[in-house]
Visitor: 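Supplied in structure tokens, the structure appears directly below.
Whatever order the structure lists ligands and atoms in, that order sets their numbers, starting from 1. Counting begins at 1 with the first residue of the sequence. Below, all heavy atoms of this structure are taken into account, side chains as well, without hydrogens, waters or symmetry copies.
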Amino acid sequence: MIGESTVQKPDPQHIGIIMDGNGRWAKQRGHSRPRGHKEGAKATRTIIDACQDLGIRYLTLYAFSAENWNRPNLEVRALMELLELFLARETKTLVKRRVRLHAIGRIDELPTSARKALEKAIEATKEFDDWHLTLALNYSSRNEVLDAAKAFAQAVARGEISPDTTDWGDFSKHLDTAELPDPDLIIRTSGETRISNFLLMQSAYAEFYFTETLWPDFDKEQLEKALSCYRNRERRYGKTGEQLATHSSTAQSNPLQPSA
Ligand code: IPE
Ligand code: IPE
Ligand code: MG
């Protein structure tokens with residue numbers, strides 16, 4: 001058979017994950033919520049390795065939202081301690097695997113010791129370029145847009161950008177994700193089917209995959225399931241399916257992605 005089914009669709013270059021369900025995982029087992037986060041951190045390690053093994057160059061993990069400060073103090077403190085522990089333990093592995101660490105979100109508002117641990121890990125991996133792990137911490141897409149709008153307005157005031165620009169790249173270079181390509185696939189675990197303020201601008205043309213699996217139970221096999229679902233999607237970017245069938249070589253390029 002000749003046709004669409006013979007065209008090998010590329011795997012995503014960039015996956016974003018909303019790692020949800022740690023609390024419910026713990027509750028189901030009669031454990032405390034922090035215990036659920038600890039198990040979630042193990043899944044995070046597994047998925048970072050799995051992404052590299054599967055050739056996914058960019059992975060962005062939603063680890064702590066700006067809204068998560070509203071949780072009980074004890075849980076927030078446990079999450080910040082876990083972040084520090086994770087960075088202390090994982091930096092060596094990231095260096096060994098040549099993975100560059102990035103952070104998005106209002107990092108300057110994190111507790112000092114967590115911020116320092118993060119900056120140290122970012123510094124230790126800054127030379128690498130093949131693999132990119134981004135942690136979204138104290139992240140809110142709307143805050144990011146506000147911060148970008150402010151920086152954009154200042155650049156216009158300095159005469160560096162025309163106020164008449166129609167180029168998305170002129171604006172998106174002020175987003176926290178300026179160095180990253182747009183995500184191709186966004187995964188959310190735990191059965192919730194919302195975005196919770198994650199990468200709203202960047203996911204304009206992303207594919208979404210929702211699974212009932214709770215984050216601590218999400219493993220390489222689950223990731224492969226998400227990838228196989230992704231491969232069955234047709235990313236049309238406004239075109240028709242017939243157009244894609246005749247010009248399969250141009251089918252997968254995102255017209256909203258500023259060229260590097
Ligand atoms: C995700 O798991 C981790 C963070 C948001 C930090 P949750 O803690 O939200 O787990 P549920 O949604 O309560 O099960
Ligand atoms: C989103 O999860 C944030 C992270 C995964 C870090 P939440 O569990 O906080 O999201 P909501 O509040 O249920 O939407
Ligand atoms: Mg949750």
Visitor: Quick one about Tyr58 and Gln13 (side-chain donor to acceptor, distance below 3.5 Å, no hydrogens or angles considered), yes or no?
Guide: no
Visitor: Do the two ring centres, one from Tyr205 and one from Tyr237, sit under 6.0 Å apart?
Guide: yes
Visitor: Can a non-hydrogen atom of Arg33 be found less than 4.0 Å from any atom of ligand 1?
Guide: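 Within the 4.0 Å threshold, so yes.
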Visitor: Output a table of donor-acceptor pairs, distance under 3.5 Å, between side-chain atoms of residues 147-155 and any protein atom two or more places apart or on a different chain; print 'none' if there are none.
Guide:
from: Asp147; atom 1: OD1; to: Arg106; atom 2: NH2; distance (Å): 2.9
from: Asp147; atom 1: OD2; to: Arg106; atom 2: NE; distance (Å): 3.0

Visitor: Give the table of side-chain donor-acceptor pairs shorter than 3.5 Å for residues 80-90, with sequence neighbours excluded, one pair per line with atom names and distance.
Guide:
from: Glu84; atom 1: OE2; to: Ser113; atom 2: OG; distance (Å): 2.7
from: Glu90; atom 1: OE2; to: Arg45; atom 2: NE; distance (Å): 2.7

Visitor: Can a salt bridge be assigned to the pair Arg188 and Asp20 using a cut-off of 4.0 Å between side-chain N and carboxylate O?
Guide: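 Looking at Asp20 together with Arg188, the answer is yes, because their closest N to O distance falls below 4.0 Å.
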Visitor: Below a 4.0 angstrom heavy-atom separation, can you tell me which part of Lys27, side chain or backbone, both or neither, approaches ligand 1?
Guide: neither
Visitor: List-wise, which protein N, O or S atoms are found short of 2.8 Å from the Mg ion (ligand 3)?
Guide: Asp20 OD1
Visitor: Could you name the protein residues that come within less than 4.0 Å of ligand 2, counting only heavy atoms, and order them by chain and residue number?
Guide: Ile18, Met19, Asp20, Tyr62, Ala63, Phe64, Ser65, Asn68, Arg71, Arg188, Arg194, Ser196
Visitor: Does Trp25 have Arg29 sitting over its ring (NZ/CZ under 6.0 Å from centre, angle to axis within 45°)?
Guide: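 Ring-cation test returns yes.
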Visitor: Using a strict cut-off of less than 4.0 Å between a Lys/Arg side-chain nitrogen and an Asp/Glu carboxylate oxygen, indicate whether Arg115 and Glu119 qualify as a salt bridge.
Guide: yes
Visitor: Set out, in order, the CA-CA distance, both residues' side-chain angles and the distance that settles salt bridge (Lys or Arg N to Asp or Glu O under 4.0 Å) for Arg100 and Asp130, then state yes or no.
Guide: CA-CA 8 Å; Arg100 180 165 173 190; Asp130 289 340; over 6 Å; no
Visitor: Which heavy atom of Ala50 sits nearest a heavy atom of Lys220, and at what distance?
Guide: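 In terms of heavy atoms, the two residues are closest at CB-CG, 3.7 Å.
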Visitor: Could you point out which residue of Leu59, Ile56, Thr93 forms a side chain to side chain contact (heavy atoms under 4.5 Å, CB included) with Ile48?
Guide: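 Going through Leu59, Ile56, Thr93 one by one, the side chain to side chain contact (heavy atoms under 4.5 Å, CB included) with Ile48 is satisfied by Leu59 alone.
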